[in-house]
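All figures in this text were calculated on a predicted structure; none of them were measured in a lab.
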Amino acid sequence: AISILALWVVVWMRLQLEWSVNPNYAFGWAVPAMAVFLWVRRERDVASQMLSGFVVNEGISGRRKWIACAVALLLLMALLPLRIISEANPVWRGSQWALAGSAWLASLALVAMFRGAAQLRAFFPVCTFPFVAVPLMFDWETAIILFLSKWNTAISADTLQHLGIPAVASGTILRVGATSLNIQEACSGIRSLHLAIAVAFFWCVLYRLPWQAWIAIGFSSISLAFVFSILRNTTLAFLVNSGGMQTFDAYHEVAGWCAQFAVVATVWAVVNFVRGHSRTRPVPIATFRNSIERKSTGAPVPNVPNVPNVPNVPNVPNAVLPAFTFAILLWIAMIEMVNEWWFQRNQEHVSGTGREWSIVSDADLRDRNIVPGDLDKDTALSLRVDEARVLRWCNPEGHRRDLYFLRWSPEHSSKYGVLVHSPETCLTAVGMKLVKPGVPMAYDIDSVGDGFQLPFTVSEFVQNGRP
C-alpha cells in the first residue's frame with residue numbers, strides 16, 4: 001500500500017498545478033484523501049473475509065508472478081522519462097495521462113504479484129478511481145464544453161419563453177430582452193459533470209456495487225449535472241430580466257455553488273436508491289473460481305456453485321515485500337532528484353534567449369490614432385491570463401481592427417487557454433460561421449531586425465451574412 005501510494009503521489013504532484021488554476025478540476029484536491037479512504041475500507045473488507053476463513057492474500061506463483069514482476073519493473077523505469085517530459089510540458093495533458101497510466105498499471109502489477117488474483121479484482125476499481133482527477137485531453141474537453149454550452153443555451157431559452165420571458169439562443173449567447181449572456185465554460189455545466197462523475201465513482205467503489213448499478217448511476221449522474229446546469233442558467237437569466245446585470249453579478253457564484261451542492265446531494269440519493277432496490281448483493285472480495293485461490297477450511301464455499309472443496313493452504317507472508325517497498329520509495333526519490341538536476345543543468349543554456357514583447361506607451365498609441373483598452377474582466381478570468389491589453393483602430397478603408405495582447409508568466413500553467421479559446425472555437429460558439437480556415441501568414445518586424453517575422457493565422461468568419 002505504501003509503494004502504491006508513493007506512485008500516485010508522483011502523479012498528484014504534477015496534477016496539483018492543474019487543480020489550482022483550472023476550476024473545472026478544483027475537486028481534485030479531495031481525490032487523494034478519497035482514494036486513501038477507499039483503500040482503507042477495501043483493506044477492512046478483505047480482513048473481514050479473512051476472518052471468515054477465506055484466503056484472499058495468497059500471491060500468484062510461477063510464470064505469472066515473474067510476468068507481473070517484469071511489468072512492474074518496466075513501468076517503474078518508465079516513470080523517470082515520463083516525469084521529465086511532464087515537467088517540461090506542464091500543459092500537455094498527454095504526458096499527464098501517460099504518467100497516471102504508468103502508475104495505474106504498476107499498482108495493478110504490484111497487487112497481483114503480492115496479493116493474488118482475488119485482491120486484484122477487489123482493488124482494481126480502487127486503483128482506477130484517481131483517474132477522475134486527471135484532466136481530459138484539450139480536444140475532448142473543448143468539444144464537450146461546446147456541446148454542453150449550446151444545448152444549455154437552447155434549452156434555457158426555450159424554458160424562458162415558456163415562462164413568458166423573451167429569450168433567443170444564438171450559439172452560446174443567450175439574449176434576454178436587451179441583455180446578452182454568454183454561456184461560457186463556467187456556465188456550461190462541465191464542472192458539475194466532472195464532480196458528478198467523481199462522486200458517483202467514489203460511492204460505487206465504496207459500496208462495491210455491481211456493474212448494472214454502475215451504468216444506472218453513471219447515466220443518472222450525467223443527466224443530473226446537465227439538468228442542474230440548465231436550472232442555474234435559467235434562474236440567472238430570470239434574475240437578469242427582472243434586476244439587470246447587477247443581479248447577475250451578485251448571484252452568479254452563489255448559483256454555481258448551489259448547483260454543485262445539489263448535484264452531489266442528488267447523486268448520493270440516487271446511489272442509495274439503487275442500493276436499496278437492487279436485487280444483487282455487493283460484489284464479494286473473492287469468488288473462488290480460480291485454481292490459484294484457496295480456502296483455509298474444509299467447509300463448502302457458501303453461495304458459490306460448482307466449486308470443489310479444496311485442502312487447507314497456509315498463508316505464508318512474503319518476506320520480499322518490505323525490501324521491494326523500500327526499493328520503490330528509493331527509486332521515486334531518485335526520480336525527483338534526477339528531474340531537479342536535469343532542469344537546473346539545462347536551464348543555464350536556455351535562460352535569456354527569449355524575446356521580451358511589450359506594447360508601446362499609450363501616448364504613442366494615441367498619436368497613431370490607436371485606442372488602448374483592457375480586456376473584459378470575465379474573459380480575462382476565463383483565459384487566466386496575467387496581462388491583457390486591447391488595441392482598436394481603423395484602417396484607411398474605414399474597417400475596424402482589434403488587437404489582443406495576452407501574456408502568461410513563465411511559471412503559469414494555464415497557457416492551455418490559448419489552445420482552448422481559439423477563434424475557431426470561440427467565434428463559432430457565439431453564432432459565427434467559419435467560411436475560410438486559418439491561413440498562415442508572416443509579417444516582417446523591422447524593429448526587431450535580423451529578418452524576424454511574426455507568424456499569424458488568418459481566418460474568415462461570417463455573421464448575419466456579413467464578413
Side-chain angles (χ1 to χ4, degrees), residues 1-16 19 25 27-47 49 56-60 64-65 67-79 82-83 86 96-136 194 197-211 213-214 217-218 282-287 290 293 318 321 324-325 328-329 331-332:
I2 296 176
S3 57
I4 292 175
L5 177 63
L7 291 174
W8 281 104
V9 166
V10 175
V11 179
W12 292 331
M13 288 175 59
R14 298 306 310 150
L15 295 179
Q16 57 94 15
W19 299 342
Y25 297 96
F27 69 91
W29 288 105
V31 169
M34 295 167 71
V36 172
F37 177 78
L38 288 177
W39 185 280
V40 173
R41 283 293 299 267
R42 192 54 53 93
E43 289 278 16
R44 191 184 71 174
D45 295 339
V46 170
Q49 291 219 1
V56 293
N57 65 338
E58 182 184 348
I60 58 178
R64 293 182 179 180
K65 188 166 188 175
I67 292 176
C69 181
V71 170
L73 291 176
L74 289 175
L75 292 169
L76 289 171
M77 293 175 62
L79 285 178
L82 289 175
R83 178 69 177 86
S86 64
Q96 298 173 355
W97 275 94
L99 192 63
S102 179
W104 175 66
L105 291 174
S107 302
L108 296 179
L110 291 175
V111 172
M113 184 169 57
F114 290 106
R115 298 199 173 191
Q119 289 203 40
L120 176 61
R121 288 192 299 271
F123 283 93
F124 179 84
V126 178
C127 295
T128 308
F129 171 74
F131 275 108
V132 299
V134 181
L136 294 175
H194 287 315
I197 293 175
V199 296
F201 200 133
F202 173 79
W203 279 315
C204 287
V205 175
L206 179 64
Y207 297 130
R208 305 204 322 265
L209 299 180
W211 64 269
W214 282 66
I217 293 172
V283 178
I285 296 299
T287 57
N290 195 303
E293 298 164 6
N318 199 326
L321 182 58
F324 204 89
T325 301
I328 291 177
L329 296 178
W331 173 243
I332 292 176

Inset, instruction - Check whether more than 12 heavy atoms from other residues, nucleotides or ligands sit under 6.0 Å from atom CD1 of I2, and answer yes or no. - result: no
Inset, instruction - Evaluate the criterion side chain to side chain contact (heavy atoms under 4.5 Å, CB included) for residue pair T128 and F201; output intermediate values, then yes/no. - result: CA-CA 10 Å; T128 308; F201 200 133; 4.1 Å; yes
Calculate, to the nearest 0.5 Å, the distance between atoms [atom1] and [atom2] belonging to [X] and [Y] respectively.
| X | Y | atom1 | atom2 | answer |
| --- | --- | --- | --- | --- |
| I328 | L5 | CD1 | CG | 12.0 Å |
| L15 | W29 | CG | CH2 | 10.0 Å |
| R83 | M13 | CZ | CE | 5.5 Å |
| W97 | L82 | CH2 | CG | 14.5 Å |
| F124 | F129 | CZ | CZ | 14.5 Å |
| W214 | L209 | CH2 | CG | 8.0 Å |

Is there a side-chain contact between [X] and [Y], using heavy atoms and a 4.5 Å cut-off?
| X | Y | value |
| --- | --- | --- |
| L110 | L7 | yes |
| L75 | L79 | no |
| P130 | W104 | no |
| V132 | V31 | yes |
| V11 | F131 | no |
| I4 | V111 | yes |
| L206 | F37 | yes |

Legend entry - Where A100 and W8 come nearest, the two heavy atoms and their spacing: O-CH2, 3.7 Å
Inset, instruction - Using only heavy-atom distances, determine whether the side chains of E43 and W39 contain a donor-acceptor pair under 3.5 Å. - result: yes
Indicate yes or no for a side-chain donor-acceptor contact from [X] to the backbone of [Y] under 3.5 Å, with no hydrogens or angles considered.
| X | Y | value |
| --- | --- | --- |
| W19 | A133 | yes |
| R42 | V205 | yes |
| S107 | A103 | yes |
| W331 | L76 | yes |

Inset, instruction - Please lay out, stage by stage, how Y25 and L136 fare under the test side chain to side chain contact (heavy atoms under 4.5 Å, CB included). - result: CA-CA 10 Å; Y25 297 96; L136 294 175; 3.8 Å; yes
